[in-house]
Amino acid sequence: MLRHLASLSRLLPHGTSHRVECVGLSRGTCFISESSRRLGGSASGVWQKSSTQQASAPVSTTLVATRHSSKHRPRNKIYNVLETMPKKVDVKELQGIRLARRQKVRKYPPSTVYLQVLGSGSPGGSRALYVFTEQARYLFNCGEGTQRLAHEHKVKLSMTEHILITHKDWENVGGLPGILLTLQDTGVPEIILHGPPGIDSLYYDTRHFMRFRDLNIEYRHYAENNGIIGEGTDPLIIQCVPLWDNMEESINSGNSGELDADKGTSEEVEDLFSYEKPWMKKRPNQSNDHYMNPTVKRQRQEESTKCRNMAVAYICRPPPKAGALKLEKCVKAGVPAGPLLGELKRGQDVTLPNGNVVRAADVTEPDDPGPVFIVMEAPTIGYLDALLESSAFTQYQSSAKCEGDLAEVVVHFTPAEVMAHPQYQEWMARFSPSTSHIVINNESSCMGSEAVHRIQYKLNNLSERLFPLLKDAGIPFKDISTVEESITSTNGSSTECVKVSEKVSVQQKDTNCKRDSSSQFLIGPVHQATTLLTYNIRPKKTLDTSNGLVLCPDAYLKECYEQENFETILLNCKAKLQAPLLEEQNSCDISENYPNIIFLGTGSCIPNKTRNTSGILVNISATKSLLMDCGEGTYGQIVRLFGFEESDNVLRKLVAVYVSHLHADHHIGFIRLLNARKKAFHRAGLHDVPKLFLLAPSKIMAYLASYHANFEPIMQNFTLIGNQRLLSDDLNLDQEIYNNLCSHLDMKAISMTFVIHCQNSFGVALTHKNGWKLVYSGDTMPCQGLVDIGKNCDLLIHEATMEDELEEDARIKTHCTTSQAIQVGRDMNARYIVLTHFSQRYSKVPLLKDLPAQVGIAFDNMKICFRDLPTLHHMHEALVAMFAEDYDDMLEKTAKKRAARERLTESLKTRKVIPL
């Protein structure tokens with residue numbers, strides 16, 4: 001109830017302060033008190049929540065609830081507001097519902113079981129296999145971007161109970177933190193992690209910047225219960241098969257950059273969400289007390305380090321299911337409706353009243369013993385000896401005792417170079433030729449998202465320079481025979497035909513099934529994975545490619561031209577964008593193409609279909625670049641925009657990564673980017689990889705050091721410089737190190753300031769040796785410190801999470817509204833401002849009352865140079881027309897909020913509320 005009252009307080013007009021009395025809490029009624037004197041009587045009957053006034057927000061609200069009787073109080077307008085306003089989801093209630101449902105549905109074996117590829121394993125893409133049963137869902141591996149793909153393709157994760165990891169590698173676990181948050185929000189009560197020891201350390205190490213308050217996360221050791229996952233009532237029975245790298249390979253792979261996990265984690269890490277509870281300096285985490293026991297911690301660390309070169313395969317089988325009853329045959333045999341049908345269904349022969357015996361086998365489908373499927377990864381050739389020597393797979397290969405034990409399908413997460421090895425080919429050939437193989441690895445090219453292409457084609461029609469088409473070529477184009485059809489305007493006149501299909505190749509490769517004719521082994525059908533490739537295990541064993549993704553560029557543009565007056569607005573916008581550049585932009589000595597800025601992620605909190613989490617690539621020159629923030633999927637955005645080969649060049653130019661603060665949506669993609677950069681140098685034949693500068697809050701080291709100790713060596717690939725050492729008013733970095741940093745980035749000065757968000761949040765100002773100045777706010781409320789370091793900058797990139805109507809929400813969450821962000825730019829006399837970090841409620845265009853001439857709006861995969869800045873504001877009208885339906889929906893929601901606020905204000909007046 002108090003949460004609802006807190007939400008209600010946001011409806012109050014700014015600059016007002018009221019006392020709200022809540023009575024009859026059990027019935028959910030709410031009234032406005034005419035007197036505040038009664039509220040100070042009994043302390044035992046009162047709960048009070050106060051929000052103190054801050055400099056940037058004049059609102060001060062006090063909510064008081066008492067246990068007075070509401071029998072004689074009439075219903076009023078406030079009650080109606082509360083009755084119709086959206087309620088906060090009760091996660092605990094959802095969890096109870098799910099637990100009750102689970103107990104009910106597990107009385108019977110699953111009737112439907114299928115495997116669906118979520119992430120195909122393509123370079124830059126996710127790698128994840130989703131297994132569906134009616135009673136529960138399973139997720140095998142969870143790479144970066146899994147959460148985003150599940151959202152786009154409406155894959156229901158709410159009944160997920162088990163996440164199974166095949167090997168401790170970021171490609172398998174990078175999306176795990178985001179998925180766990182999503183599962184928590186959907187009411188999942190518990191998730192069980194399976195895989196090599198130490199994978200649960202990722203959860204423990206991220207608990208300081210990710211909130212897992214309502215989700216119990218448990219690690220189940222691979223050897224527990226003799227390696228068997230599940231019981232008789234579970235929808236899948238899974239056998240864990242550990243595979244070890246041979247000793248020589250283990251020694252070679254373990255020598256690089258060994259680090260004790262205790263190093264770098266000895267200092268206590270602050271809770272980044274403690275600002276939500278000012279009276280709590282640290283939030284206790286009682287569920288993880290066992291981690292803090294020094295002896296237990298050391299034992300777990302030793303086992304985790306030992307198992308770093310270990311993989312786990314999973315042999316999965318649904319429980320047997322009795323054959324379905326054939327009613328037509330029962331009728332033909334004269335079986336009457338009633339209990340005899342039930343006996344036949346249970347496999348019992350029955351005798352009819354006329355003496356005839358009906359055999360159950362004659363009127364039922366054959367029993368389904370439960371098809372077997374195997375999930376497998378051999379990360380390197382060092383695992384192949386153990387794979388060939390393992391006897392766990394033998395009973396499901398060609399030597400199986402009965403046909404029902406033959407593996408139906410094997411899913412391979414094994415890299416392409418290992419799969420091509422003769423030993424691995426030999427292992428595959430041991431399976432029956434009828435066994436299918438699905439390959440989820442780096443040979444795939446499908447990154448899995450059609451939605452990002454849809455919006456990019458629309459924006460590219462607005463400006464090919466600012467919104468280049470994506471180089472992700474893994475999704476085929478739909479063959480549309482009507483590409484010559486003209487798009488007509490609303491007045492009926494014919495316009496120029498848009499032939500987008502002529503810009504791109506319409507060749508479609510058949511990647512669904514392939515056989516290696518050069519192989520000396522006979523192997524069943526091999527299917528290279530694409531997103532949504534489905535293999536049905538029960539009731540029918542079939543491969544389903546009907547959900548395959550296709551691109552329809554002409555259809556995307558047609559959607560735009562169907563909007564009223566879009567063509568006229570578009571032509572007007574294009575003319576303005578192509579107009580001669582203003583003279584003032586040449587006031588700085590800036591080359592034509594540098595610096596250029598590429599927005600890789602412009603959304604906040606979680607990724608959605610059109611906006612990824614924060615990431616901004618600043619190309620300082622043709623040979624040097626800087627990445628500002630690195631949310632989940634940032635590397636994937638680089639590959640999607642530039643293509644795989646060119647993305648290697650982008651990574652080799654990368655000199656430094658700046659992390660503004662430690663919320664996960666600003667840095668969780670760093671490890672994958674770091675690994676990809678190392679591989680990019682190796683592919684170019686350069687094995688002496690220069691260290692990457694990491695400018696971040698120093699507390700990030702605890703998380704990175706633990707990953708290094710538990711998963712794979714990474715510490716040798718970067719040098720950390722704490723942001724707090726670069727404060728403009730307290731520079732305490734060694735001058736030689738500072739000069740070296742500036743030299744590597746071609747900067748004259750790098751200065752930072754604390755901003756108003758979570759603990760250790762920073763804004764940064766970069767001054768180039770040629771004179772231009774760039775400022776990035778990170779996440780913050782309006783902040784004077786940022787204004788001070790950003791004075792007279794050429795470009796301010798500022799977060800604008802919420803619309804102006806939600807100023808109180810922005811204050812509570814320590815973010816900015818669009819108008820606040822623009823005002824910060826004016827206060828620092830910024831020449832131009834680009835707004836970014838929009839709430840995911842504004843997936844297309846943020847709500848703005850007006851857009852000043854010096855302000856632009858950022859989109860994912862948008863590339864700008866300084867010469868583009870004077871024209872960015874011209875796009876706003878065209879963007880509103882392009883996404884008119886979404887914009888109108890947002891306007892309608894805003895109008896409803898405004899009307900509710902006005903009704904509340906009027907009701908307060910009629911009740912003669914005494915202001916505080």
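All values below were derived from every heavy atom in this structure, side-chain atoms included, with hydrogens, water molecules and symmetry-related copies excluded.
- Side-chain N or O atoms of Thr531 include one that pairs as donor or acceptor with a backbone N or O of Leu118 at under 3.5 Å.
- Minimum interatomic distance between Leu202 and Trp170 (heavy atoms only, all atoms of both residues): CD1-CZ3, 4.0 Å.
- With hydrogens and angles left out, the side-chain atoms of Lys156 and Thr186 include no donor and acceptor closer than 3.5 Å.
- Side chains of Asp779 and His666: a donor-acceptor N/O pair is present below 3.5 angstrom, by distance only.
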Given side chain to side chain contact (heavy atoms under 4.5 Å, CB included), test Trp427 with Gln397 step by step and report yes or no. CA-CA 10 Å; Trp427 181 78; Gln397 295 172 331; 3.6 Å; yes
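- The heavy-atom pair separating Ser647 from Val639 by the smallest distance is OG-CG2, 3.8 Å.
- A heavy-atom distance below 4.5 Å is found between the side chains of Trp244 and Cys307.
- The ring of His527 has its center no closer than 6.0 angstrom to the ring center of His437.
- Glu632 and Thr613 form no side-chain donor-acceptor contact under 3.5 Å, judged by distance and modelled atom types alone.
- Between the side chain of Tyr383 and the backbone N or O of Asn309 there is at least one donor-acceptor pair closer than 3.5 Å.
- Two rings, from Phe413 and Phe140, have their centers 6.0 Å or more apart.
- Ser120 places a side-chain N or O within donor-acceptor distance of the main-chain N or O of Cys446, the cut-off being under 3.5 Å.
- Ring geometry for His663 versus His661: interplanar angle over 60°, hence perpendicular rather than tilted (30 to 60°).
- Of the possible donor and acceptor atoms, one in the side chain of Gln528 sits under 3.5 Å from a partner among the backbone N and O of Val439.
- Side-chain contact annotation: Gln423 with Asp385, donor-acceptor N/O pair under 3.5 Å present.
- Val657 is listed as a side-chain neighbour of Leu692, based on a closest heavy-atom distance under 4.5 Å.
- The closest donor-acceptor contact from the side chain of Lys168 to the backbone of Ser304 lies under 3.5 Å.
- For the residue pair Gln116/His153, the side-chain donor-acceptor check at 3.5 Å is not satisfied.
- Contact of the Tyr314 side chain with the Thr166 side chain is registered, since non-hydrogen atoms from C-beta on lie closer than 4.5 Å.
- Looking at Arg430 and Glu426, a side-chain N of the basic residue comes within less than 4.0 Å of a carboxylate O on the acidic one, giving a salt bridge.
- Inter-residue side-chain proximity for Arg220 and Glu218 is flagged as met; some heavy-atom pair is nearer than 4.5 Å.
- Aromatic ring centres of Phe209 and Tyr703: separated by under 6.0 Å.
- To the nearest 0.5 Å, the span separating CZ on Phe693 from CZ on Phe718 amounts to 13.0 Å.
- The closest side-chain donor-acceptor pair between Arg298 and Gln301, if any, does not fall under 3.5 angstrom.
- A side chain to side chain contact (heavy atoms under 4.5 Å, CB included) with Ile191 is found for exactly one of Ile179, Leu183, Leu139, namely Leu183.
- A side-chain donor-acceptor contact under 3.5 Å links Glu408 and Tyr535.
- Between Glu171 and Arg672 there is a salt bridge, since a side-chain N of the basic residue sits under 4.0 Å from a carboxylate O of the acidic one.
- Here the OG1 atom belonging to Thr146 is positioned 9.5 Å from the CD1 atom belonging to Ile163, to the nearest 0.5 angstrom.
- What you find for Tyr658 and Phe762 is that their closest heavy atoms are OH-O, 3.1 Å.
- Counting only distance, with no hydrogens or angles, the side chain of Asn441 and the backbone of Thr414 share a donor-acceptor pair below 3.5 Å.
- How far CD1 of Ile199 is from SG of Cys142: 11.0 Å, rounded to the nearest 0.5 Å.
- Gln637 contributes a side-chain N or O that, together with a main-chain N or O of Leu600, makes up a donor-acceptor pair within less than 3.5 Å.
- With Arg127 as the partner, the side chain to side chain donor-acceptor pair (under 3.5 Å) test is satisfied by one option alone out of Asn172, Asn141, Asp169: Asn172.
- In this structure the side chain of Leu694 reaches within 4.5 angstrom of the side chain of Leu704, judged on heavy atoms.
- Shown here for Ser126 and Gly145, the closest heavy-atom pair between the two residues is CB-C, 4.0 Å.
- In this structure, Val188 and Leu215 have side chains that are in contact, with non-hydrogen atoms separated by less than 4.5 Å.
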Test side chain to side chain contact (heavy atoms under 4.5 Å, CB included) applied to Val131 and Cys316, step by step: CA-CA 10 Å; Val131 177; Cys316 312; over 6 Å; no
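- Among all heavy-atom pairs drawn from Met210 and Pro177, the shortest one is SD-CB, 3.2 Å.
- Separating the OH atom in Tyr138 from the CD1 atom in Ile238 is a distance of 5.5 Å, to the nearest 0.5 Å.
- Ile638 and Val650 make their closest contact through CG2-CG1, 4.1 Å (heavy atoms, listed as atom of the first residue, atom of the second, distance).
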List the steps and the verdict of side chain to side chain contact (heavy atoms under 4.5 Å, CB included) for Arg148 and Asn612. CA-CA 8 Å; Arg148 191 180 190 191; Asn612 198 50; 3.7 Å; yes
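- By the 30° and 60° cut-offs, the orientation of the rings of Tyr114 relative to Phe132 is parallel.
- Distance check: Tyr219 OH to His194 NE2 gives 9.5 Å after rounding to the nearest 0.5 Å.
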Run Lys679 and Asp648 through side chain to side chain contact (heavy atoms under 4.5 Å, CB included) and show every step you take. CA-CA 8 Å; Lys679 293 176 182 177; Asp648 276 3; over 6 Å; no
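- Annotation: Tyr424 is in aromatic contact with His412 [ring centroid separation under 6.0 Å].
- Val411 is listed as a side-chain neighbour of Leu115, based on a closest heavy-atom distance under 4.5 Å.
- A 4.5 Å side-chain heavy-atom check between Ile606 and Thr182 finds every atom pair outside the cut-off.
- Side-chain N or O atoms of Asp629 include one that pairs as donor or acceptor with a backbone N or O of Ser660 at under 3.5 Å.
- The backbone N or O of Val659 sits less than 3.5 Å from a side-chain atom of Asn723, completing a donor-acceptor pair.
- Of the inter-residue distances, the one linking Met376 atom CE with Met419 atom CE reads 10.0 Å to the nearest 0.5 angstrom.
- When atom types are taken as modelled, the side chain of Tyr130 and the backbone of Leu532 share no donor-acceptor pair closer than 3.5 angstrom.
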